[in-house]
Amino acid sequence: MMTPDFRPTSQEDWQAKIYDALEAFSPGAPIDEFDLLAGRQVQIERLVETVMQRGQHAILYGERGVGKSSLANTFATKLLGGARALTCIPVNCHPTDDFSALWRKVFRRLEIGDVSLADNYPGAIDPDEVVLELSKFSLNVIPIIILDEFDKLGGRELRNLIANTIKNLSDRSVRATVIAVGVADSVSDLIEEHESILRCLRQIPMQRMSVNELQEIVEKRLSGLGMTINPDALSFIVSLSRGLPHYTHLFGQQAAKKALENRQMTVEVEHVEEALPSCISETAQTIRELYHKATMSARKGHIYSEVLLAAALAQVDDLGYFAPSDLQRPLTEFLGREAKVSLFGQHLKNLCEEDRGSILEATGTNRRYRYRFEEPMMQPFILMQGLRDKRITREQIHALAVTHYEPRFAF
Ligand SMILES: Nc1ncnc2c1ncn2[C@@H]1O[C@H](COP(=O)(O)OP(=O)(O)OP(=O)(O)O)[C@@H](O)[C@H]1O
Ligand SMILES: [Mg+2]
């Protein structure tokens, strides 16, 4: 509930409150404090178990932007306060890194005594040296090494070499834990899945965030500001986000700003609506350009925008794919006439072609194709555009958006 204390009184106080609101949300950066992390209980548990078990390591993977780095950065706080001291060492993999360059980044951040390990390795570093150095840590200090952006490493061979090094760490019962984090549909996209490697490498899939988790992101931050949100406005933000926390932060932030500019401490639906133009302009230029490329046409009366809108609302599977038939209902609504697959099937194919920016990608075989957005961030953007261009209403989004992003784990 709103406490009167929180309500600014002067012009300056309102302005200060706007700055606080801008800071409270973080659309542009991973979460770096455990208290700011919403949800993700299942994954936190699994990571904690991994660290606590000798010889266990993990690979965290999922779609772009679902919150992998945020989780990897913060989960270890859960473990602090115990008898053992944990040092979390996050490093980002870079396309130009080779084995030595990557481990040198880790070594630079590891000290034995007062000396950085990297000082001992002016030249190349080989897998055996990694195992040797990491086994020197005492039982009381467990390093957790996070190799973020693992997918960016050039070449499968290098990734396999790292996976094998992890296997060696495991064989030697080294207490250090390695967590590889990357964009992938499955672990086999990142490394070769040898039985022996999989035994020591827990696979932790990250799905898009659930409705409850996304609500938590907004509510937690607003309550810290002494603000509240109308339930319709909250569900509007959540259904627009399509399970992607970046957008929840962006919508929450910009809507809170609008509310405060109107000298209100409760975020209403109108504030979300008023915030959309700034959310559109805050969205990466690349996404905006791709959208325009996909929807432009010399022919009048084309329905690319409508097809994309329907696709942005469709129910998707765990990998983000939808079936063409999933678009029939929303498209019928947008066009005001029956939309059979035969009407738009070719559009879907064309949207996979380069001259439409390959905004969609297809999987499956003839007649059983499934599609998804090549860039997941596109879905909320398309909905924002649709609202702005008045091709779709908030009520339609509410009615048609399938919010099936509840985690479905296959253990
Ligand atoms: N559990 C969470 N609670 C609150 N905010 C989150 C959570 N997870 C992610 N976010 C927010 O979502 C956005 C994307 O998160 P993050 O960068 O961790 O995703 P990612 O999967 O690592 O993305 P990429 O694939 O681009 O590396 C950030 O703005 C971050 O602040
Ligand atoms: Mg990341």
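Numbering starts at 1 and runs along the sequence shown. Whatever order the structure lists them in is the order used to number ligands and atoms, beginning at 1.
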Backbone of Ala323 reached by a side-chain donor or acceptor of Asp326 within 3.5 Å: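 Indeed, once roles are kept as given, a pair shorter than 3.5 Å links the two residues.
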Whether the side chain of Arg108 engages the backbone of Leu117 through a donor-acceptor N/O pair (distance < 3.5 Å, no angle test) should be reported.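 No; zero donor-acceptor contacts below 3.5 Å.
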Hey, does Glu63 come in under 3.5 Å of ligand 1, counting only N/O atoms on both sides?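 So ligand 1 has no N or O lying under 3.5 Å from an N or O of Glu63.
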Indicate yes or no: does an N/O atom of Met209 lie under 3.5 Å from an N/O atom of ligand 1?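 N/O-N/O distance below 3.5 Å does not exist for this pair.
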Below a 4.0 angstrom heavy-atom separation, can you tell me which part of Pro245, side chain or backbone, both or neither, approaches ligand 1?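 For Pro245, backbone and side-chain atoms both sit under 4.0 Å from ligand 1.
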Part of Met206 within contact of ligand 1 (heavy atoms, under 4.0 Å):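 None of Met206 does.
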Winner among Gly182, Ala72, Ala184, Gly65 once heavy atoms are compared against atom 26 (O) of ligand 1: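 That would be Gly65.
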For atom 1 (N) of ligand 1, the option (of Ala29, Ser26, Ala38) bearing the nearest heavy atom: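 The residue whose heavy atom sits nearest atom 1 (N) of ligand 1 is Ala38.
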Does any N, O or S atom of Ser69, backbone or side chain, fall under 2.8 Å from the Mg ion (ligand 2)?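 So Ser69 counts as coordinating the Mg ion (ligand 2), yes.
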Any luck finding a side-chain donor-acceptor pair between Arg46 and Gln43 under 3.5 Å?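 On atom types as modelled, these side chains do not qualify, holding no pair under 3.5 Å.
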Among all the protein's non-hydrogen atoms, which is closest to atom 18 (O) of ligand 1, and how far away is it?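 For this ligand atom, the closest protein heavy atom is Ser70 OG, 2.6 Å.
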Would you check whether Thr248 reaches within less than 4.0 Å of ligand 1, judged by its heavy atoms?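 So Thr248 does not count as touching ligand 1.
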